[in-house]
Amino acid sequence: MGNERVSVYRRIYDMVRKIPSGRVATYGQIASLVGGCSARMVGYAMAGVSDETIPWQRVINARGRISIRDPNGYSLQKAILEREGIDFDESDSVDLSVFGWEGPI
DNA sequence: ATGTTGACCGACT
DNA sequence: GAGTCGGCCAACA
């Protein structure tokens, strides 16, 4: 408790930092864990990331697909995730039951 | 202030 | 599977 001083964005980024390499989380999952924000806010927060220490690439949508519309950003995210060991099936989707993050303990 | 646009989501057709 | 819709809410014009 007692973290109301910290902005929601900061808490979103802190939660995203907890996702281990080789795992992915969904926007809604992060929003739910952080509380007080919607999946849309998480997506918006990810879009503005410039900090190298934030593993923004490990956040994908609830269907297990990459949500970036820009083709360059899309292939960048996919490439990084594949390098981390994430598998994409023939329809470019990740099996969340295999690679989905279980959450912070 | 108002309107539009998103790296969303779930329900529906 | 593909579209559409309403709800969500910050950022921007």
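Proteins get letters first, then strands, A, B, ... in listed order; numbering begins at 1 in each.
Going from the C1' atom of dA13(C) to that of dA1(B) covers 13 Å, rounded to whole Å.
Between chain A and DNA chain B, the heavy-atom contact criterion of under 4.0 Å yields a 5' to 3' nucleotide range of dG6(B) to dG10(B).
At least one donor-acceptor pair under 3.5 Å links the side chain of Ser75(A) to the backbone N or O of Pro71(A). Put simply, the side chain of Gln77(A) gets close to the backbone of Gln57(A): a donor and an acceptor are under 3.5 Å apart. Of the possible polar contacts, one joining the Arg65(A) side chain to the Ser91(A) backbone as a donor-acceptor pair under 3.5 Å is found. A distance-only check finds a donor-acceptor pair linking the side chain of Tyr13(A) to the backbone of Ala45(A) [under 3.5 Å]. Panel note: side chain Glu84(A), backbone Arg58(A); no donor-acceptor pair is recorded below 3.5 Å.
Each of Ser91(A) and Tyr9(A) was matched to the nucleotide of DNA chain C holding its nearest heavy atom; the match closer to the 5' end belongs to Ser91(A).
In this structure, Arg10(A) places its CZ atom where only 12 or fewer heavy-atom neighbours from other residues, nucleotides or ligands lie under 6.0 Å away.
The residues Arg17(A) and Asp14(A) are annotated as salt-bridged, a charged nitrogen and a carboxylate oxygen being separated by less than 4.0 angstrom.
The stretch residues 39-63 of chain A comes close to DNA chain C through Arg40(A), Met41(A), Tyr44(A), each having a heavy atom under 4.0 Å from the strand.
Between atom SG of residue Cys37(A) and atom CZ of residue Arg11(A) there is a gap of 8.5 Å, rounded to the nearest 0.5 Å.
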